[in-house]
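Counting starts at 1 for both ligands and their atoms, following the listed order.
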Amino acid sequence: MRIAEMRLHPIAIADGPLRSSYGLHSPYALRTIVELRSTDGFTGISETYGGDRPLAALEALRARVVGMDPFHLTGLWMDIEAGAATDAAAAQDPKTAGRTQAWLVPGENPLDQHARSFAAIEVACLDLIGKALGRPVCDLVGGRARHKVEFSAYLFYKHAGGGGLGLDTRSDEYGEALSPDQIVKQAVQMCDTYGFREIKLKGGVLDPDVEIASIKALYDTFGPTVPLRIDPNCAWSVDTSVEVGRALKDELANGGYLEDPCAELEGMAEVRRRLQAEGITTDFASNVSVTCFDHVVKAKQLDAVQVVLSDPHYWGGIRAQQRLSHLCETLGMGLSMHSNNHLGVSLMAMAHAAAAAPGMTHACDTHYPWQTAKDEVIVGGRVPFHDGCVEVTDRPGLGVELDYDQLARLKERYEKLEYRKRDDEAEMRKHVDPNWKRVLPRW
Ligand code: GKR
Ligand code: MG
């Protein structure tokens, strides 16, 4: 079996005005659907980051991918990693030089572009192989540790609006959420709809006192059996992180965690040391300071992070996710999963990756509730959740197929859009504050 054809489909999916320390989400999030067709008529698919840069990076692999045997993923990784020198060159670009993930929006970091491109091809190859053999993706990497993968409610402060533009505007399912009460309302609604039993709040948006009050209100509503996490994406200084950690010592206990309170591992290590000196043992998680295997080792040495956020999209795919799981188990670290706006193809890749990773200790993040059926690209519509879980069935590959009519609509929408990269800062200036700039730390 060989890969006969690679098709790249840039798409745009409606997204609400969600806030984070990066700024404001645009009315459409950008994604790319990858389709690989084999010489014997099978098709494998994957979903990854969208816009010009990720698309160009995948395009650059076309000659290497077309003609390859989809089983030969190790050689592909070696070639792509060797080419990562080009990423390093991109890192010298004055616009991004010296900048880590703390300073760049996800999907726009040149340092992990090679891992993101490889992951997109790897997942599509595994889907292709699974479809050819009639076996689910998780079986191709040794089988599953669990049949159901648990996800968490992912709450956002947001302005009124459901995303999309003009005649394509979505209704605002969750409403505005800029206060603790509105966040609780959002949480109750999301947990009722999906059955989630763990909750994450995206912070770094409002004054830390309001965010502390939001977590306390969630704790009062859901009680100590629902683990809570807050993630300000590095918006706080070391001192502020210590104050928040102190204020939320009870609320973030019992399986919860403080995620990327401040920038860089050294900062997180200091916050951890200072809280521990007061007897506060809250776990710290990261998807900003820990984005590759080297970082895990350093995070462990500094005791800066106790829970690593995996994500097959940028850690290098489903097999890398499994290696990360083994590494975290070896180092005695917990494992959760990060997410960005995505559709059902990504959701199923995340579910298979988590199913095949024995060391998952926390429910995975997902932005899925923020997208609607109108934007789903898979046959049969949205992936169902039961009790906050996605079932990993025995259906071949990822277990989903592309709906080509939907794909065409989402591509047409992408073509009409003026922007080609995620720029939450620009969006913030357009709609909230004409002078807004992302500053770290903000508080
Ligand atoms: O969607 O705005 C967002 C999030 O802030 C996302 O970009 C982050 O990558 O979910 C992410 C996180 O946990 O940092
Ligand atoms: Mg995070």
Side-chain angles (χ1 to χ4, degrees), residues 13-31 48-51 54 100-109 112 116 151-159 163 174 177 186 198-206 211 228-236 241 252 256-265 268 283-291 295 299 304-315 334-343 346-347 350 362-371 421-428 432 436 438 440 442:
I13 60 178
D15 190 22
L18 309 183
R19 292 278 299 272
S20 76
S21 84
Y22 297 112
L24 176 68
H25 284 207
S26 313
Y28 295 97
L30 310 179
R31 302 293 284 169
T48 185
Y49 292 92
T100 65
Q101 190 60 64
W103 305 92
L104 298 163
V105 289
E108 291 293 331
N109 183 351
D112 64 13
R116 284 185 277 126
F151 288 85
S152 59
Y154 197 163
L155 314 180
F156 279 83
Y157 292 108
K158 70 181 280 290
H159 300 277
Y174 291 98
Q186 188 186 100
E198 296 191 24
I199 297 177
K200 163 165 171 168
L201 173 63
K202 173 60 57 179
V205 174
L206 304 176
E211 302 198 349
L228 300 176
R229 32 184 119 149
I230 181 165
D231 173 16
N233 285 115
C234 314
W236 302 332
S241 304
L252 300 181
Y257 50 73
L258 192 50
E259 180 175 328
D260 289 308
C262 55
E264 313 301 350
L265 287 173
M268 287 178 72
D283 279 342
F284 284 32
S286 181
N287 65 276
V288 173
S289 291
V290 181
T291 57
H295 296 163
V305 168
Q306 292 68 49
V307 181
V308 175
L309 292 177
S310 56
D311 181 339
H313 298 93
Y314 67 78
W315 277 90
L335 189 65
S336 186
M337 193 182 283
H338 158 272
S339 113
N340 281 124
N341 290 96
H342 64 88
L343 296 175
S346 274
L347 181 64
M350 292 157 78
H362 294 71
C364 305
D365 291 350
T366 177
H367 284 59
Y368 205 56
W370 295 106
Q371 269 60 65
K421 76 178 184 105
R422 177 177 169 185
D423 190 345
D424 293 19
E425 221 173 340
E427 203 61 21
M428 199 61 189
V432 181
W436 200 85
R438 184 169 188 245
L440 295 183
R442 182 171 297 279

Task: Heavy atom of N340, distance to ligand 1 below 4.0 Å - done: yes
Task: Proximity flag M337 to ligand 1, non-hydrogen atoms under 4.0 Å - done: no
Atoms in ligand 1 with a heavy atom of [X] nearer than 4.0 Å:
{"X": "D231", "result": "12 (C), 13 (O), 14 (O)"}
{"X": "Y154", "result": "4 (C), 10 (O), 11 (C), 12 (C), 13 (O)"}
{"X": "H367", "result": "1 (O), 3 (C), 10 (O)"}
{"X": "F156", "result": "1 (O), 2 (O), 3 (C)"}
{"X": "N233", "result": "5 (O), 12 (C), 14 (O)"}
{"X": "S20", "result": "2 (O), 5 (O)"}

Task: The single option from F156, W370, Y157 passing ring-ring contact (aromatic ring centres under 6.0 Å, His included) against Y174 - done: W370
TODO: Run down the list R19, H25, Q101 and name the one with the heavy atom closest to atom 2 (O) of ligand 1.
DONE: H25
Atom pair [atom1]/[atom2] of [X] and [Y] - distance to nearest 0.5 Å:
{"X": "H367", "Y": "L343", "atom1": "NE2", "atom2": "CG", "result": "12.5 Å"}
{"X": "D260", "Y": "I230", "atom1": "CG", "atom2": "CD1", "result": "12.0 Å"}
{"X": "K200", "Y": "D365", "atom1": "NZ", "atom2": "CG", "result": "3.5 Å"}
{"X": "Y154", "Y": "H338", "atom1": "OH", "atom2": "NE2", "result": "6.0 Å"}
{"X": "S289", "Y": "M268", "atom1": "OG", "atom2": "CE", "result": "6.0 Å"}
{"X": "S286", "Y": "Y257", "atom1": "OG", "atom2": "OH", "result": "10.5 Å"}

Task: Backbone N/O of N341 and side chain of R31: donor-acceptor pair under 3.5 Å - done: yes
Task: Q306 (side chain) donor-acceptor with F284 (main chain) under 3.5 angstrom - done: yes
Open item on the list: For R422, is there an ion pair with D424 - N to carboxylate O distance below 4.0 angstrom?
Closed with: yes
Task: ligand 1-proximal atoms of D260, by part, heavy-atom distance under 4.0 Å - done: neither
Task: Per-residue contact class, S21 against ligand 1 - non-hydrogen pairs under 4.0 Å - done: neither
[X]-ligand 1 polar pair, N/O distance under 3.5 Å:
{"X": "D424", "value": "no"}
{"X": "N341", "value": "no"}
{"X": "K202", "value": "yes"}

Open item on the list: Quick check for you: within a radius under 2.8 Å, how many protein N, O or S atoms neighbour the Mg ion (ligand 2)?
Closed with: 3
Open item on the list: Which residue and atom name correspond to the protein heavy atom nearest atom 9 (O) of ligand 1, and how close is it?
Closed with: H338 NE2, 2.7 Å
Open item on the list: Can a side-chain donor-acceptor contact be found between Y49 and N340 if the only test is distance below 3.5 angstrom?
Closed with: yes
Open item on the list: I need the single residue from N109, N233, N287 that forms a side-chain hydrogen bond (donor to acceptor under 3.5 Å, both in side chains) with Q101. Which is it?
Closed with: N109
Task: Over all atoms of both residues, closest heavy-atom pair of H342 and S339 - done: CD2-OG, 4.1 Å
